[in-house]
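These notes concern the structure reproduced below.
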Amino acid sequence: MSSSQPYKCAVCGSDAPGRRYRIKGSKYICRDCRAKLDKDLSSGEWSRMNAAELKEFLSDKERLSMQKTCSFCGKEISADDMHKILLKDRSVLCGNCAGSMRIVRPVFNTVKSDGSGGYEPAADDPLKELTLEDVPWVQKEAAEERERRIARYGAHKAVFVVDDVTRYEDEDDAHEIYGTAVLGCIEKGDTLHIKRREGEYSKVVERIDPLEYDKKAVSLAEGCEGNLLVKGDVSFIYPGDVLTTERL
Ligand SMILES: [Zn+2]
Ligand SMILES: [Zn+2]
């Protein structure tokens, strides 16, 4: 069948002529649907999803963009809220409400099959398994956990525990510090501090990469793992170190 023949898009049902794109299940989608998917997924990702999965993805996305107020706190959700989420019962939480529970429900960085024998980075968000009724008790659990961590680490804007320090290959004189924001949120431009016997060192966070494939990220949420990109000497930072940031 030539690509100029009419066909039905497996996602929106339009019989748009012209260029078509193959998805899982030997079906095709139209140019408009592809453009919508390209905003959030790589072509490798959407081409390995079937029509039902793609429809669900787009309807979740539409649901998230349509709702203007948080189902829990009732406040307006700002247009640039990167952390809003859709719960299992399809209610919508603003980034603040989602963030208040993150410390006990962090995003898991994992890998999934890339469909050709390899693996690619992926993320699982356990908050999306909750319903609106779960929010109060998970928030209570989170508040208790936060108190325990403040008792352990002290009160800081944020606390980051280092797992690993590696050279960042793509830029000169740059390193990635991998670890967990155990308390508070780490933001781009924050100054990390570490106390040593010989004195105190500090390092500015040039960039944040909470998920390897999320290049737009500007913060690492409380409780989550991620990479902090720093420049210059890092010989004073070791795995196991506790780095802190302070309010200015
Ligand atoms: Zn379509
Ligand atoms: Zn809210």
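Numbering of ligands and ligand atoms starts at 1, following listing order. Since the structure is predicted, the reported quantities are computational estimates derived from the model, not experimental observations.
Listed by chain and number, the protein atoms of type N/O/S under 2.8 Å from the Zn ion (ligand 2) are Cys70 SG, Cys73 SG, Cys94 SG, Cys97 SG; waters are omitted. Among protein atoms, those of element N, O or S found less than 2.8 Å away from the Zn ion (ligand 1) are Cys9 SG, Cys12 SG, Cys30 SG, Cys33 SG.
Distance check, rounded to the nearest 0.5 Å: CD of Gln67 to NZ of Lys84 gives 9.5 Å. For the atom pair CG of Asp81 and SG of Cys94, the computed distance is 6.5 Å after rounding to the nearest 0.5 Å. For the atom pair CG (Asp190) and CG (Leu220), the distance works out to 10.5 Å, reported to the nearest 0.5 Å. Rounded to the nearest 0.5 Å, atoms OG1 (Thr166) and CG (Asn227) are 6.5 Å apart. In this structure, SG on Cys12 lies 6.5 Å from NZ on Lys36, to the nearest 0.5 angstrom.
A donor atom on one side chain and an acceptor atom on the other are found under 3.5 Å apart for Glu200 and His193.
Shown here are the ring pair (Phe, Tyr, Trp, His ring centres under 6.0 Å) partners of Tyr238, two or more places apart in sequence or in another chain: there are none. For Asp32, there are no side-chain hydrogen bond (donor to acceptor under 3.5 Å, both in side chains) partners at least two apart in sequence or on another chain.
Between Tyr28 and Lys8, the closest side-chain pair of non-hydrogen atoms is not below 4.5 Å.
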